[in-house]
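Below is one structure, written out as structure tokens; the observations come after it.
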6 protein chains.
Amino acid sequence: MPVIQVDHWEGFSEEQKKEWIVALTDTTNRLFKIPKDKITVILREVPLSDWGNGGVVATDPDFLAKSRAAGGEA
Amino acid sequence: MPVIQVDHWEGFSEEQKKEWIVALTDTTNRLFKIPKDKITVILREVPLSDWGNGGVVATDPDFLAKSRAAGGEA
Amino acid sequence: MPVIQVDHWEGFSEEQKKEWIVALTDTTNRLFKIPKDKITVILREVPLSDWGNGGVVATDPDFLAKSRAAGGEA
Amino acid sequence: MPVIQVDHWEGFSEEQKKEWIVALTDTTNRLFKIPKDKITVILREVPLSDWGNGGVVATDPDFLAKSRAAGGEA
Amino acid sequence: MPVIQVDHWEGFSEEQKKEWIVALTDTTNRLFKIPKDKITVILREVPLSDWGNGGVVATDPDFLAKSRAAGGEA
Amino acid sequence: MPVIQVDHWEGFSEEQKKEWIVALTDTTNRLFKIPKDKITVILREVPLSDWGNGGVVATDPDFLAKSRAAGGEA
């Protein structure tokens, strides 16, 4: 019965999205024997400009390093 | 005070969206006398390629039949 | 560890979105000393046609006045 | 295929929740002939202490008046 | 960078939830080589009384059969 | 008009939640002059057992170190 919603960065192809939907569904079905027709997956693309972690916007070329370093800030 | 969020397939016209927003608001107001200015409706379009049910992606021409049949899969 | 998701009207520039992401992150970090690398902000643009309050769609030129007036409706 | 998620204040009985689920489903089915087995409704209770509008927390006895008045604040 | 949010029925043990969190994270990491520290999973329990599919509330002992049959309703 | 939804760990007092709601509202109002009565904040508590980052569940006493280290895993 779960609804799995995934907010994620833009840039995935339709083929990759299909893989993701099938994999998340199969993983959930395999773990708990939930009937597949009751498992819904919604993928929501988010532009890099609209995503922030550690106060760093994902458009920043050094996003990974800077967002991780932000862990040290008081 | 409810916030009603609807994730739905692409393809609805602006007129249909307006009907949907008004109907969900009126239904909620009628049932519980919640002041309408405190009822917010957010519709979120999801491309068919980003929606899965039963492990079937909504771009599949046989989406309805296949996603329903997926209920039988162990 | 919070994930802050903001559904908002279209119309913000990338610069404004960056300001918003940084401000929401800093506010949360300042208040509770949550490490910044564990604070995620997701902004989700919603077209005016897909947003309703008080049963009034945001495309309505009198949205503010009408949605506020809707508070008086039984 | 819509997933309708409703964040709402605590205080609804199971009977009222059932009414809400059925009414939101029927409204959506009636408007767009979407098969009912593809309409999911999720109600999420939110304690009054966790809900704010106009910078006023819903536990405030004057929540309605104060939150509406907040519209006037610059 | 995805945030995976799962709304699901009550009834999972802490051990099962851990399995689910790890499996959804590993599946996403394996598919797209996304660094695991940038994958967040949030599970949200929903009481059966607050979940509806096909206009049938999940507290109904015949929920599966009735919600599937609802697909036939005009 | 934004709806700000915050999924966060359990453990915040009502006083802290009020501070958070007011601060997120004021920050948004200050930045963009959005009328406060049109800014809604919803806080959603998530038990530590239901939160994962880097494939590590938040109940893990070494959650911070392990989840950050998970960034190095292929």
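Here the structure is a predicted model, which is why all the values come from computation and not from measurement. Numbers restart at 1 for each chain; the letters A, B, ... are given by sequence-line order, proteins then strands.
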Taking every non-hydrogen atom, the tightest pair across Gly71(E) and Pro35(D) |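 So the minimum-distance heavy-atom pair works out to O-CB, 4.1 Å.
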Applying a criterion of heavy atom separation less than 4.5 Å, what residues of residues 41-51 of chain E form contacts with chain D?
->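 When heavy atoms of chain D are the reference, residues 41-51 of chain E contributes Arg44(E), Val46(E), Ser49(E), Asp50(E), Trp51(E) within the under-4.5 Å range.
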Calculate, to the nearest 0.5 Å, the distance between atoms CG and CG belonging to Asn53(E) and Asp37(D) respectively.
->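 Asn53(E) CG to Asp37(D) CG: 7.0 Å, rounded to 0.5 Å.
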Could you please state which residues from residues 3-17 of chain D sit under 4.5 angstrom from chain E, measuring non-hydrogen atom to non-hydrogen atom, sorted by number, or 'none'?
->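 Heavy-atom contacts from residues 3-17 of chain D to chain E are Gln5(D), Glu14(D), Lys17(D).
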